[in-house]
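Structure first, then comments.
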Amino acid sequence: MMRIVLLGPPGSGKGTQASALARRRGIAHIASGDILRGNVKEGTELGRRAAPYMERGELVPDELILDMMAERLAEPDAAEGYALDGFPRTVAQAEALDSRLLEMRQRLEAVIYLEVPETELLRRLSGRRICPNCNAIYQLATMAPKREGICDACGAELIQRKDEQPEVVRTRLQGYARETEPLLDYYRRTRLLHEVDGTIGVRSVLAEIDRIVKESAAEAAGKREA
Ligand code: AMP
């Protein structure tokens, strides 16, 4: 059982790492962006309200996100633990998550911050392709699909996200700096924050995260015994 938050700018590798970590640990991979894109695709009320913000590269208002995440975290698979990817993204969201955890008498094991310089983020975001069917993520230069334009996992045709055009990417990075970066200090204060160099390669980052997660779990077990 473990609850992990992946934190980092768009393009830092949160999605790839959260998905690998969840698979390895048998926990749920909960990606707020994937849930939102699913709602947009299905034309739900939430999707209709969130879409204009997402298209501009702005954050969706907290109230919509908080309802959506409360619902998602209440699903049975989340009881086995989760890797959160893209949530929380504002201090208000982190506070809401904390009060939920407190209510449930649960705690986060670790918050992992993937650090990647902006030039590298811009390069990665322009080369990213995603599967609209199973949400798998590819990178043209380093993690290309076996067949060009086709998802290895499910065979669907890959797409480029609409919000990965250069002007929208700029808005997303600015929003990250303004709204999400303050979370680093928030989690530093709770001693949950672990910084990982996000440029060392997918496997090395995963190994590093694995090490942190193991240590945090051992530490938590030690605290319970003491
Ligand atoms: P992502 O796939 O994580 O990059 O998310 C795509 C878009 O969904 C973001 O640019 C936001 O518009 C929106 N979004 C996802 N997660 C959140 C969140 N926790 N708070 C606000 N907006 C979000």
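Residue indices begin at 1 and follow the sequence shown. We count ligands from 1, going down the list as the structure has it; atoms in each ligand are counted the same way.
The shortest N/O to N/O separation between Leu59 and ligand 1 does not fall below 3.5 Å. Considering both main-chain and side-chain atoms, Gly86 comes within under 3.5 Å of ligand 1 through a nitrogen or oxygen pair.
The ligand atoms of ligand 1 that sit less than 4.0 angstrom from a heavy atom of Ser32 are 15 (C), 16 (N), 17 (C), 19 (N). Close approach of ligand 1 to Glu58 is summarised as follows: ligand atoms under 4.0 Å from at least one heavy atom of the residue are 11 (C), 12 (O).
Close to ligand 1: Arg161, with a non-hydrogen atom less than 4.0 angstrom away. Within the 4.0 Å heavy-atom shell around ligand 1 one does not find Lys14.
The environment of Glu157 atom CD is sparse: at most 12 non-hydrogen atoms of other residues, nucleotides or ligands sit within 6.0 angstrom. Other residues, nucleotides and ligands contribute over 12 non-hydrogen atoms within 6.0 Å of the CD atom of Gln160.
Using a cutoff of 4.0 Å between basic side-chain nitrogens and carboxylate oxygens, Arg100 and Glu103 are not scored as salt-bridged. Using a 4.0 Å cut-off between a side-chain N of Lys or Arg and a carboxylate O of Asp or Glu, Glu167 and Arg170 do not qualify as a salt bridge.
Protein heavy atom at the shortest distance from atom 20 (N) of ligand 1 is Gln93 NE2, 2.9 Å. Ranking the protein heavy atoms by distance from atom 9 (C) of ligand 1 puts Arg89 NH2, 3.9 Å first. Looking from atom 22 (N) of ligand 1 to the surrounding protein, the closest heavy atom is Val60 N, 3.0 Å. Closest protein heavy atom to atom 13 (C) of ligand 1: Leu36 CD1, 3.5 Å.
Paired with Arg172 under the rule salt bridge (Lys or Arg N to Asp or Glu O under 4.0 Å), one option of Glu164, Glu55, Glu58 passes, and it is Glu164.
Contact check for Leu184 versus Val111: no side-chain heavy atoms found under the 4.5 Å cut-off.
Figure legend: cation-pi geometry between Arg89 and Phe87 absent, as NZ or CZ is not positioned both under 6.0 Å from the six-membered ring centre and within 45° of its axis.
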